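Structure, as structure tokens:
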Amino acid sequence: MIRVLDSNIADKIAAGEVIERPVSIVKELVENSIDAGSNSIIVEIRNGGKSYIRVTDDGCGIPSDDLRTAFLRHATSKISSITDLDNIHSLGFRGEALASIAAVSRLTVVSKTDLSTAGSKLVLHGGKEISNETVGSNIGTTMVVEDVFYNTPARRKFMGSDAREAAVIIELVEHYSICYDNIRFMLINNGSTVFTTNGDGNKLNAITTVYPTREYKQLIPVNYANVKGFISNPGVTRSTRKGQLFFVNGRYVSSNVIEKGIEKGYGDRVFSGYPIAILFIEVDPSLIDVNIHPGKKEINFLNKEVIICNIADAITQAMQYKESIPEASARSIKRDHVITKPAEESKPLDIKDYLMNLDETVSHEDVTEPTRNYHTYEELSQSVREEVSENTYVPKPFEFNELQYKGYIFDSYIILQANNIVYILDQHAAHERIFYEILMENYLNSQQVAQPILTPVIIDVSSHVYNSDRSWMGSLTSMGYDIIDFGPNMFAIKGIPEYMKVSEAESFAMTFMENIDEYENNVAVVDKLIMKSCKSAIKANEHLSDMEVAALLDNLSKCKNPFSCPHGRPTFIKVTKYDIERSFKRK
Ligand code: ADP
Ligand code: MG
């Protein structure tokens with residue numbers, strides 16, 4: 001028998017599509033508050049939002065006559081006709097959220113507009129009206145949602161632990177707080193304030209309030225074409241992509257196209273892990289496939305290559321700044337945001353624990369940082385804000401000609417200074433970078449004339465190599481080698497690439513030949529072979545004369561990417577005068 005479902009059941013089914021778990025409720029309520037033009041939004045949750053969610057705003061409010069209507073399915077004030085659909089500026093427009101939330105919870109709303117003298121309070125249980133009365137209230141709206149899924153036990157089972165549900169809600173509110181930096185967000189979890197942003201319209205302030213760790217206050221600004229935001233220098237990475245947040249046209253999205261752009265932009269400067277990147281991208285809405293399903297955030301770009309290139313260029317450009325050189329104390333952030341760790345799932349989130357962990361990390365891992373004890377979250381955020389303002393910079397491009405040579409240590413590191421920053425250059429990494437770029441360029445241009453050497457270097461090879469197809473010899477020739485067959489199982493090098501010492505050229509060629517099993521005459525393979533062989537070409541702890549240091553710097557300055565070796569290790573690290581003074585507790 002075919003039956004039309006009664007509206008109560010139909011509502012619950014529809015609600016299930018919009019409301020999957022407590023975080024979906026928080027998302028809808030916060031978006032409504034943003035759409036209402038609020039300056040301040042308070043989000044409070046208990047038990048991961050399962051037992052209690054409150055969102056209070058100071059927005060336009062809902063007129064008492066409309067209050068009941070707002071909870072009907074497809075009730076929206078945001079669009080009125082189909083033509084409006086092409087011109088949506090609000091976050092919501094489907095008119096489904098409030099009806100769905102009300103259907104699966106006990107909901108209380110108090111709202112007042114600036115035109116009315118009193119507010120209204122409406123209570124709905126499972127969508128059924130319990131009471132509707134006039135009350136005193138401020139302008140704005142408060143929604144309290146209790147006992148989520150109390151009337152749909154099957155759904156209740158699919159919720160995670162309190163800590164897990166809280167973690168995703170906290171993450172969500174973090175994203176809105178960063179994106180809407182002109183709104184003051186306050187987040188309260190089980191009675192403790194997690195953070196309060198100041199809504200001053202400064203993105204970096206919002207970011208450092210939400211993520212009050214050292215790595216975030218040293219982010220480098222990105223501002224290029226349609227891409228703005230902040231990134232970490234390539235020495236500061238995390239083991240997951242959790243530090244990468246993308247907002248397209250004001251919406252938090254996930255996108256592997258954007259991730260590709262970031263990877264391309266950092267290129268080989270990242271040695272391991274994922275740098276922090278918080279990017280705000282503006283794209284003509286007709287060039288993106290906006291997925292209007294309320295729960296989804298994956299975005300599709302029609303012109304992926306353009307997006308990848310823009311992001312890569314934006315990052316490459318930001319990387320020209322001194323700030324992109326890793327600090328002497330920089331380290332990978334081993335610890336992901338504590339509150340999202342699976343290990344934390346079993347116990348309720350405790351902000352004090354979180355802060356204690358933070359303190360331990362700071363004092364044990366980071367020698368340049370004097371031990372600090374913050375008793376409250378506010379103290380911690382305050383101190384971060386102070387540091388941010390003390391350290392406020394205008395990023396400047398890195399200039400080789402500003403560098404003054406200050407010394408040479410451990411037969412490996414060159415000490416240089418530019419104004420208030422001391423740079424330590426790893427001669428080994430620098431050499432690798434220089435050789436790699438020269439040899440790669442020679443290979444690609446094939447115009448190289450070898451520099452003759454007085455006594456040819458004889459290289460013994462296995463008969464396997466000797467009897468191989470000799471196409472690899474052509475690659476070495478284009479790199480600047482003059483190499484000939486010298487009888488059974490031997491080759492003679494009569495000329496070597498410019499800038500290389502005989503010993504270096506010899507080791508390079510030997511490694512190259514040892515690996516010709518991998519050889520194919522294409523850029524990717526030769527690139528890999530050059531990278532591998534460069535590494536063995538350079539002898540560790542080889543003392544450089546002053547002239548050699550000068551030549552090294554000169555050659556490095558001509559490199560396309562002087563900041564890392566081909567394997568992604570940094571060539572430079574830096575220590576600021578400020579860091580030094582702080583270590584001596586003068587600051
Ligand atoms: P939508 O956001 O898609 O319009 P909702 O069901 O989320 O649908 O909300 C229905 C209507 O209720 C909105 O169009 C808006 O007019 C009103 N509303 C909801 N929340 C608020 C709020 N916090 N402040 C003012 N108006 C609100
Ligand atoms: Mg809505």
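Atoms within a ligand are numbered from 1 in the order they appear, just like the ligands themselves. One-based numbering along the sequence shown. For clarity, every value in this text was computed on a predicted model and none was experimentally measured.
Within ligand 1, counting atoms from 1 as listed, the ones closer than 4.0 Å to a heavy atom of A70 are 10 (C), 12 (O). Against a heavy-atom cut-off of under 4.0 Å, A97 is close to the following atoms of ligand 1: 6 (O), 7 (O).
The backbone of E96, and not its side chain, has at least one atom closer than 4.0 Å to an atom of ligand 1 (non-hydrogen atoms only; backbone = N, CA, C, O). No part of V55 comes within 4.0 Å of ligand 1, judged by heavy-atom distances. The parts of L98 lying near ligand 1 are both backbone and side chain, judged by heavy-atom distances below 4.0 Å. If you look at A36 next to ligand 1, the close heavy atoms, those under 4.0 Å, all belong to the side chain.
With salt bridges taken as basic N to acidic carboxylate O contacts below 4.0 Å, one links E259 and R241. We find that K27 and E20 are not joined by a salt bridge, their nearest charged nitrogen and carboxylate oxygen being 4.0 Å or further apart.
Remark: ligand 1 and D57 share an N or O pair separated by less than 3.5 Å (distance only, no angle test). Residue-to-ligand polar distances place N32 within reach of ligand 1: an N/O pair is separated by less than 3.5 Å.
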Query raised in the report: Taking it one step at a time, do K50 and E165 satisfy salt bridge (charged side-chain N to carboxylate O under 4.0 Å, His left out)?
Result: CA-CA 8 Å; K50 293 173 189 173; E165 295 297 330; over 6 Å; no

Report task. Using the side-chain hydrogen bond (donor to acceptor under 3.5 Å, both in side chains) rule, take N310 and N226 through it: C-alpha gap first, then chi angles, then the decisive distance, then the call. Result -> CA-CA 8 Å; N310 274 3; N226 58 340; 3.0 Å; yes

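Within the structure, ligand 1 lacks G59 among the residues with a heavy atom less than 4.0 angstrom away.
Across all their heavy atoms, F195 and S177 have their closest contact at CE1-OG, 3.3 Å.
Taking 4.5 Å as the limit, every side-chain heavy atom of Y274 sits out of range of all side-chain heavy atoms of I262.
Between the S38 side chain and the I41 main chain, no donor and acceptor come within less than 3.5 Å of each other.
Relative to atom 18 (N) of ligand 1, the option among I62, I34, I101, L72 with the closest non-hydrogen atom is I62.
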